[in-house]
Amino acid sequence: MTYQTQRVAYPYFVVALLLFALQLVMGLYIAFNYFYTVPQAVVDVFPFSTARAMHTNLLVLWLLLGFMGATYYAIPEETQSELAWPKVAYAQLVLLSGTGVAALVGFLFGWTQGRPLLEIPTTLDVLVVVGALMFLANVGVTILRARRFTATQGTLLSGLVFLALMYLFGMPFYENLAIDWYYWWWVIHLWVEGAWELVTAALVAFMLIQLTGVERKVVEKWLYVELGLFLFTGLAGTGHHYYWIAAPRYWLWVGGVFSALEPLPIALMLWDTWQSMKESRRPQPRLTWIYVIGMAVLHFVGAGLFGFAHTLPQINYYTHGSQVTVSHGHLAFFGAYALLNLSFFYFAMPRLKGFPEGRYDERGGHWGFWLTSSAVVGMSLAMAVAGVLQTYLERVQGQPYIVAQSPMRFWMFVVFAHGVLVLAGALLIIRHLLTLRPAPAGGS
Amino acid sequence: MSERMAKLIFWVGTLSSLALFLALTWDTHHAFAALTHADRLDPNVVAGKRVFEKHNCNDCHTILGFGGYYAPDLTRAYKRLGEDAVRLRLESPEKVFADSYRKMPQQHLAAAEVDRLVDFLRWVSEIDNHDWPPQDSEGHWKASTRRLVGAAAMSPGAALVSQENCLACHALGDAGERRGPRLEYVATRRDADYIARYLADPQAITPGSAMPRFDQLSESQRRAIAEFITSLAERRTP
């Protein structure tokens with residue numbers, strides 16, 4: 001940490017970590033519902049739908065708070081100046097966390113917009129927009145005042161502006177269901193396969209420059225290529241969500257061709273990260289690299305390979321909206337965005353605490369990574385087995401939904417069992433991060 | 001690779017994809033009216049969509065394949081189940097799913113809310129989305145008809161289904177009406193004993209069902225109908 005105002009990032013990370021734990025608890029309850037018959041009296045009061053709304057909104061909230069904290073950490077370093085309004089940054093955290101809590105409590109009482117992932121009611125949407133504007137203004141003014149522009153911070157800022165703009169498309173009420181889903185994907189797809197990828201690429205580039213001492217020009221050159229490929233495949237690749245929503249037939253071609261190319265930029269990012277680590281001239285804690293490389297690998301497997309597996313229309317006709325989608329969703333979100341945040345926390349938190357050269361005591365931290373990551377992979381594989389069963393029994397054979405679900409219940413129990421391990425691993429990570437100690441003298 | 005080349009890749013990649021995406025968005029907007037039958041999108045359907053959102057149906061059910069994966073897809077629910085069965089599930093889920101291992105919440109919908117949801121689901125069931133989902137697709141039902149043609153002529157159960165005019169309410173293959181659940185759907189869920197008992201007195205099993213009693217038939221005739229219906233399943237789970 002070089003600038004005092006970078007400190008505002010720390011409480012963002014802490015809140016994000018607590019919400020992460022809560023998200024996993026809700027996830028466990030959801031998996032439980034799949035194999036155990038929850039009695040009618042409980043379902044009437046706390047249905048699956050409410051638990052799912054909480055699980056997904058907690059995910060979005062903790063990831064976004066993590067991104068914002070990471071941005072507040074990175075921007076002073078990139079602009080070589082203090083943050084414009086540190087107090088506004090704290091106020092923004094209080095506002096967004098408060099909005100999040102209000103939304104979660106509201107869900108319990110049926111206060112919802114009723115659209116998956118965008119359940120937050122319009123009144124609270126306005127508060128989210130206010131929070132986003134405070135954030136963008138703070139970052140924007142800092143950059144403008146410093147008058148120092150880098151490709152990394154430009155990417156970060158444009159990713160965040162893109163993210164905020166797309167949120168607006170999810171706010172209105174659409175009368176036509178097909179048009180509703182058309183723009184719903186402008187939020188969801190253009191976030192995860194557009195704006196968030198920009199944020200990821202920028203934060204990874206920032207970390208690589210700081211961690212390795214590799215020349216900025218080299219890192220930023222690859223950043224341009226990655227961004228070009230991300231946006232080339234990701235923008236038109238939105239079409240893979242338009243196959244079956246009553247949109248014209250050409251989307252089968254556009255969605256199929258462009259999304260088949262989507263693994264390319266992720267593969268490039270994996271290669272680029274690996275090269276940078278090998279050329280690194282600065283010793284770093286081993287655990288930090290495990291996180292950064294782990295993120296690059298699982299990002300590629302979860303988003304790239306699992307995504308490609310069911311993106312072609314000929315396959316998607318049978319797998320669309322099944323547990324196959326769920327499997328891809330979980331591994332992709334964990335590999336790409338949960339691990340991005342956790343990597344950044346491991347990079348930034350020791351520096352925020354002022355440990356010399358960012359070194360920290362790694363003991364106890366490795367278990368968290370390996371337990372959580374392998375359990376998420378196992379969970380996604382169990383979901384994939386359930387999904388293939390569903391695809392064959394329901395979609396190919398034509399069995400009714402609930403009949404086809406019957407043999408899937410065992411695999412959803414396997415999902416639950418892995419979920420318990422994910423939660424245990426995450427609690428280890430959270431405890432380790434919140435109680436970081438400096439590296440013991442003489443150790444690496 | 002030079003930095004100049006890297007920047008070129010960025011701009012060409014981004015702008016070409018963006019231009020294509022926006023152009024197709026423009027065209028798609030013009031195509032939606034015909035593909036979704038927007039002329040049938042009356043205020044009742046829109047009100048139904050609001051009820052659908054108010055009760056957060058979409059976080060358990062998928063529709064057009066999107067949403068929660070915890071409950072059946074609703075895109076063709078109206079055609080698969082028929083209007084009466086849809087109403088029954090909305091009004092008394094605790095009764096319909098009393099024996100099921102998965103429950104649906106009783107949300108105490110007002111009568112008007114049920115009407116509007118039915119309007120919404122009817123409209124959705126008619127949109128042209130390349131015949132998705134496969135299990136409810138027209139292609140699937142046509143194949144069912146082809147399988148029937150050979151076997152049905154020799155079956156006394158099939159003759160009784162025809163004589164009793166079951167298809168005045170139920171769909172079978174690509175024929176019949178859609179007031180009750182289609183017979184292939186019944187076939188995969190129920191065994192012959194259950195169907196035979198149901199024919200004798202539907203009210204005893206599902207209070208409020210719109211299905212008439214067939215107690216004027218003999219027990220062996222009801223049994224023949226039941227066995228014919230169960231034979232329609234491509235595959236049963238024991």
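Within every chain, numbering begins at 1; the chains are lettered A, B, ... in the order of the sequence lines, protein sequences first and strands thereafter. Just so you know, these numbers come straight off a predicted model, no measurement behind them.
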If you take all heavy atoms of [X] and [Y], which pair is closest and at what distance?
X	Y	result
Cys60(B)	Ser49(A)	SG-N, 3.5 Å
Asp180(A)	Glu53(B)	OD2-OE2, 3.6 Å
Ala236(A)	Phe21(B)	CA-CD1, 4.2 Å
Ala53(A)	Asp59(B)	CB-OD2, 3.6 Å
Ser100(B)	Ile402(A)	OG-CG1, 4.2 Å

Would you check if there is a donor-acceptor pair between the side chains of Trp244(A) and Thr75(B) at a distance under 3.5 Å? no
Any idea which of [options] has the most non-hydrogen atom pairs under 4.5 angstrom with chain B?
options	value
Trp184(A), Phe35(A), Tyr243(A), Tyr250(A)	Tyr250(A)
Ser322(A), Ala41(A), Ala51(A)	Ser322(A)
Val42(A), Val45(A), Asp44(A)	Asp44(A)
Leu231(A), Thr37(A), Leu235(A), Thr112(A)	Leu235(A)
Tyr242(A), Tyr36(A), Tyr401(A)	Tyr401(A)
His320(A), Gln40(A), Lys221(A)	His320(A)

Are more than 12 heavy atoms from other residues, nucleotides or ligands located less than 6.0 Å from atom OH of Tyr318(A)? no
Determine whether a donor-acceptor pair (N or O, by modelled atom type, separation under 3.5 Å) exists between the side chain of Tyr224(A) and the backbone of Met5(B). no
What pairs of donor and acceptor atoms, side-chain ones from residues 91-98 of chain B against any protein atom, are under 3.5 angstrom apart with sequence neighbours left out?
residue, atom, partner, partner atom, Å
Glu94(B), OE1, Gln106(B), NE2, 3.0

Are the side chains of [Y] and [X] in contact, using a 4.5 Å heavy-atom criterion?
X	Y	value
Ser17(B)	Thr233(A)	no
Phe48(A)	Asn56(B)	no
Gln390(A)	Tyr69(B)	no
Thr188(B)	Gln397(A)	no

If you round to the nearest 0.5 Å, how far is [atom2] of [Y] from [atom1] of [X]?
X	Y	atom1	atom2	answer
Ile245(A)	His130(B)	CD1	NE2	9.0 Å
Lys103(B)	Asn33(A)	NZ	CG	12.5 Å
Glu226(A)	Ile9(B)	CD	CD1	11.0 Å
Leu227(A)	Lys7(B)	CG	NZ	12.5 Å
Leu64(B)	Leu177(A)	CG	CG	5.0 Å

Which atoms of [X] are under 4.5 Å from chain A, going by heavy atoms: the side chain, the backbone, both sets, or neither?
X	result
Ser2(B)	backbone
Leu24(B)	both
Trp11(B)	neither
Asp128(B)	backbone
Val45(B)	neither
Leu18(B)	both
Asp131(B)	both
Thr14(B)	both
Leu22(B)	side chain

What part of [X] gets within 4.5 angstrom of chain B, counting heavy atoms only: side chain, backbone, both, or neither?
X	value
Gln405(A)	both
Arg409(A)	side chain
Phe258(A)	side chain
Glu119(A)	side chain
Leu118(A)	neither

Distance under 6.0 Å and angle within 45° of ring axis: Lys49(B) vs Tyr174(A): no
Assess Arg52(A) against Tyr70(B): is NZ or CZ under 6.0 Å from the centre of the six-membered ring, and within 45 degrees of the ring's axis? no
From the list Phe52(B), Tyr185(B), Phe10(B), Phe120(B), the residue making the most non-hydrogen contacts under 4.5 Å with chain A is Phe10(B)
Parallel, tilted or perpendicular: rings of Phe66(B) and Trp181(A) (30°, 60°): tilted
If the plane angle is over 60° it's perpendicular, under 30° parallel, otherwise tilted; pick one for Tyr182(A) and Phe32(B). perpendicular
For the ring pair Tyr183(A) and His29(B), is the centre-to-centre distance below 6.0 Å? yes
